[in-house]
Amino acid sequence: MSDDIFTLIHSRRSTRSFQDKPVPRQDIEKLLDAAIWAPSGGNNQSWLFTAILNREIISKLNGLLRRGFLVWTPDDDYPGKHGAKKAAQNEDFHFCNHAPALIIASNKPNYENAMADCALALENIFLAAESLGLGSCYINSPHWLRNDPGVREFLFTLGIPREHTICSSAAIGYIAKPSAPPPRKENTIRVIE
Ligand SMILES: Cc1cc2nc3c(=O)[nH]c(=O)nc-3n(C[C@H](O)[C@H](O)[C@H](O)COP(=O)(O)O)c2cc1C
């Protein structure tokens, strides 16, 4: 655990192996607070962050996503999309690696900065999670299947507004197996003086 921002930036990893242990609600509330203090285009704040701490609900969503992936045709060759579709063939598929908590970021679909605003908020969540000793991971599946009728209807029943689209989601939980830091690619930074 650390409060130093540079330490947190370097130590945060995408977690894909979680302990069973539930995340205390107070910690989730801190993450949600961190999310809404992110910048937003024109100070829109048109986002909504829905935290799900109920395993049955996450499991139901998993079943709907799995079913959705089986009939879904990826609209491009992004490897993650094809990987998820393939993984969904397996009965053990779990879109957020059995994380005990999931935060879904939704926003207005016709708003230019919807994805950017939610992504900035998610990074706040990830760094805040790291500071609380929690693991986190960006999870794209609910975004990819945002127009799947079963997934959409289920998310509406959870109170996500019908006029919103799913931008992204974050898996949160205690780390079971730490992820190794992927090396940074060279020549991705420049300074012009
Ligand atoms: C826009 C975006 C989408 C991502 N989608 C997923 C995802 O669906 N599933 C997943 O396991 N990781 C996902 N990730 C995490 C990346 O795979 C991860 O950040 C990258 O491999 C680098 O690892 P690190 O986060 O530990 O530095 C996503 C990250 C970003 C920024």
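As the structure lists them, so they are numbered: ligands from 1, and atoms in each ligand from 1. Here, residue 1 is the first one in the sequence, and each next residue gets the next number.
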Quiz item: How many angstroms lie between CD in Glu163 and CG in Asn110, if you round to the nearest 0.5 Å?
Solution: 10.5 Å
Exercise. Compute the centroid of each ring, for Phe69 and then for Phe93, and state whether the two points are separated by less than 6.0 Å.
Key: yes
Quiz prompt | Salt bridge flag under 4.0 Å for residues Glu29 and Arg25 | solution = yes
Quiz item: Going by heavy atoms in the side chains, are Arg12 and Leu127 under 4.5 Å from each other?
Solution: yes
Quiz item: How would you list, by chain and number, the residues with a heavy atom under 4.0 angstrom from ligand 1?
Solution: Arg12, Arg13, Ser14, Arg16, Cys137, Tyr138, Ile139, Asn140, Pro182, Arg184
Quiz item: Taking 4.0 angstrom as the limit, do Arg67 and Asp148 come out as a salt bridge?
Solution: no
Quiz prompt | Thr188, Ile192, Asn187 screened by side-chain contact (heavy atoms from CB on, under 4.5 Å) with Arg190, the one that passes | solution = Ile192
